[in-house]
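Let me begin by presenting the structure, written as structure tokens, before commenting on it.
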Amino acid sequence: MADMQAAPRKLLVTGGAGFIGSAVVRLAIARGYSVVNLDALTYAACLDNVASVADHPLYAFERADIRDGAALARIFETHAPDAVMHLAAESHVDRSIDGPAAFIETNVNGTFEMLNAARAHWDRQGRPAGFRFHHISTDEVYGSLGPTGQFTEDTPYAPNSPYSASKAASDHLVRAWHETYGLPVVVTNCSNNYGPFHFPEKLIPVVILKALAGAPIPVYGRGENVRDWLYVEDHADALLAVLERGDVGRTYNIGGENEARNIDIVQKICAILDRKRPKNTAHAEQIAFVADRPGHDLRYAIDPTRIRTELGWRPSVTLDEGLERTVGWYLDNEAWWRALQTRAGVGQRLGKVG
Ligand SMILES: NC(=O)c1ccc[n+]([C@@H]2O[C@H](COP(=O)([O-])OP(=O)(O)OC[C@H]3O[C@@H](n4cnc5c(N)ncnc54)[C@H](O)[C@@H]3O)[C@@H](O)[C@H]2O)c1
């Protein structure tokens, strides 16, 4: 049964200057929530992602690190949120291979500090039943699938990268804070996102920007890896649905119902660019197969039955439509991505090991 509490009105969103967090912030403001965006502004952040709401009376920004318990205590006290949506994380698998420590510190220790601060706040407020700690996680915690099958919420955890292991650890902490202390949590595990404001080190923006630059388009291995792609604005919508209507203590998998091999994604993007930015040769001629990522999971796929049947939520954007919009957005927002391309590591091959 869905929880019948009134929807929380004041959200503390962590990681709201990142890719998905900023989509959540923009959508929540549009829906009338008041939002406090807590972000440390790491290399992956960009305040331009929330420029459209920066002057909105319902929006506030706090620059803070989720590993800093004293800063978190102050922010909870100052803003007294009704709910937390916890997205702040180190999120790039390739960087986790080269430098796993930051992933443990932010994703594990940072989540621990968030839980501690949220619990103290919830206690101080008299433990309101409508409070939520919504932990946003990934389907990568379930490991890799073969050619068939899908991840359900009961699939055993089997993370294969330092990134997914750190997210799995954080999921377990959230579960424990619910079981042990009664903190009203919900957890979501989502498949790969794409869309506007995607940081230019991730697959889809890399493909678009290399193609536009006339450079080789790197595809790991033979491009056979399969992901279940979800348009980021659909993810933000699903997250608010779970926050508002999800059962306390429950996990919801979120997927795009859009499985595709990496090579097919690359081909589709090249075909869109051939139409939108025609040149003498096909963009697909720039595709270059490169050494695979170590521990590269073959396939992820989400069984979306629970969120569909219990919360009535389904993705609204098809892969073809989402890619069309995304490519169009990058063509229209060159100043945004050019500024980010100068950040350390962007445009380089990371995570090869030895
Ligand atoms: N990108 C995906 O496809 C995907 C899929 C499923 C789940 N997720 C999860 O969604 C969340 C957001 O992912 P994203 O792709 O938007 O990430 P992102 O890297 O674009 O953004 C992360 C944000 O968190 C902030 N941050 C990082 N460390 C911090 C710290 N110590 N203190 C405070 N802020 C900090 C960064 O400054 C940045 O703004 C993550 O928890 C990720 O695991 C991502």
Side-chain angles (χ1 to χ4, degrees), residues 12-26 36-50 61-69 71-72 75 84-96 99 101-114 117 134-142 151 159 161-171 174 187-205 227-236 238-239 242 252-256 258 300 302 322 326 340 343 345-346:
L12 176 62
V13 178
T14 72
F19 168 49
I20 301 170
S22 66
V24 170
V25 168
R26 295 188 304 268
V36 180
N37 176 7
L38 185 167
D39 201 295
L41 301 183
T42 70
Y43 83 93
C46 182
L47 281 175
D48 290 345
N49 301 5
V50 285
F61 177 68
E62 290 276 4
R63 184 171 188 176
D65 194 308
I66 58 167
R67 296 167 299 176
D68 181 349
L72 299 184
I75 290 166
V84 174
M85 298 180 80
H86 176 40
L87 296 102
E90 289 291 338
S91 70
H92 189 37
V93 176
D94 287 342
R95 286 186 192 255
S96 84
F103 287 70
I104 306 304
E105 285 164 16
T106 283
N107 300 359
V108 185
N109 296 350
T111 299
F112 162 71
E113 295 292 348
M114 281 298 301
H134 181 173
H135 179 62
I136 285 81
S137 190
T138 166
D139 62 352
E140 302 190 27
V141 299
Y142 298 124
F151 297 132
S161 72
Y163 164 68
S164 56
S166 69
K167 291 297 291 187
S170 67
D171 293 7
V174 173
V187 176
T188 48
N189 294 86
C190 185
S191 59
N192 281 48
N193 284 218
Y194 69 104
F197 300 105
H198 206 181
F199 194 76
E201 67 184 353
K202 303 281 175 76
L203 175 70
I204 286 179
R227 302 292 181 257
D228 180 2
W229 292 95
L230 179 65
Y231 194 63
V232 66
E233 290 169 12
D234 270 342
H235 188 193
L239 293 177
V242 170
Y252 297 86
N253 283 352
I254 306 171
N258 271 321
Y300 306 137
I302 291 280
T326 304
L340 298 181
R343 295 198 181 172
V346 177

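In listed order, ligands and their atoms are each counted from 1.
The pair Glu201-Arg343 does not meet the salt-bridge criterion, since no charged nitrogen lies less than 4.0 angstrom from a carboxylate oxygen.
At a 4.0 Å heavy-atom cut-off, ligand 1 touches Tyr163 through the side chain alone. Residue contacts with ligand 1, taken as heavy atom pairs separated by less than 4.0 Å, involve Leu41 solely via the backbone atoms N, CA, C and O. Under 4.0 angstrom from ligand 1, the non-hydrogen atoms of Ile66 come from both its backbone and its side chain. At a 4.0 Å heavy-atom cut-off, ligand 1 touches Lys167 through the side chain alone.
Annotation for ligand 1: atoms under 4.0 Å from non-hydrogen atoms of Ala89 are 22 (C), 24 (O), 27 (C), 40 (C), 41 (O). Near Ile136, the atoms of ligand 1 lying under 4.0 angstrom from a non-hydrogen atom of the residue are 10 (O), 41 (O). For ligand 1 and Cys190, the ligand atoms under 4.0 Å from any heavy atom of the residue are 5 (C), 6 (C). Each of the following atoms of ligand 1 lies closer than 4.0 Å to a heavy atom of Asn192: 3 (O). For ligand 1, the atoms sitting less than 4.0 Å from at least one non-hydrogen atom of Ser191 are 5 (C), 6 (C), numbered in the order shown with element in parentheses. Heavy-atom proximity to Ala45, at under 4.0 Å, picks out these atoms of ligand 1: 37 (O), 39 (O). Those atoms of ligand 1 that come under 4.0 Å of a heavy atom in Ala64, given as number and element, are 32 (N), 33 (C). Ligand-side atoms of ligand 1 in range of Ser137: 6 (C), 7 (C), range being under 4.0 angstrom from any heavy atom.
Using modelled atom types, one side-chain atom of Asn258 and one backbone atom of Gly256 make a donor-acceptor pair closer than 3.5 Å. In this structure, the side chain of Asn189 does not engage the main chain of Tyr252 through any donor-acceptor pair within 3.5 Å.
What you find for Val108 and Ala169 is that their closest heavy atoms are CG2-CB, 3.9 Å. In terms of heavy atoms, Arg67 sits closest to Glu113 at O-CG, 3.7 Å.
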Exercise. Test His86 against Thr111 for side chain to side chain contact (heavy atoms under 4.5 Å, CB included), laying out the working first.
Key: CA-CA 8 Å; His86 176 40; Thr111 299; 3.0 Å; yes

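The nearest protein atom to atom 20 (O) of ligand 1, hydrogens excluded, is given as Phe19 N, 3.0 Å; this is a heavy-atom distance. For atom 37 (O) of ligand 1, the nearest protein heavy atom (residue, atom name, distance) is Asp39 OD1, 2.6 Å. Nearest protein heavy-atom neighbour of atom 18 (P) of ligand 1: Ser91 OG, 3.6 Å. Shortest contact from atom 35 (C) of ligand 1 to any protein heavy atom: Ala88 CB, 3.7 Å. In this structure, atom 40 (C) of ligand 1 lies nearest to the protein heavy atom Leu87 O, 3.2 Å. Among protein heavy atoms, the minimum distance from atom 13 (O) of ligand 1 is reached at Ile20 CD1, 3.8 Å. Protein heavy atom at the shortest distance from atom 21 (O) of ligand 1 is Gly18 CA, 3.4 Å. At the top of the distance list for atom 34 (N) of ligand 1, counting protein heavy atoms only, stands Ala40 N, 3.1 Å.
For Arg227 and Tyr194, the positive end is not near the middle of the six-membered ring at less than 6.0 Å and at most 45° from its axis.
Using bins of under 30°, 30° to 60° and over 60° for the plane-to-plane angle, the ring pair Phe151/Tyr300 lands in the tilted bin.
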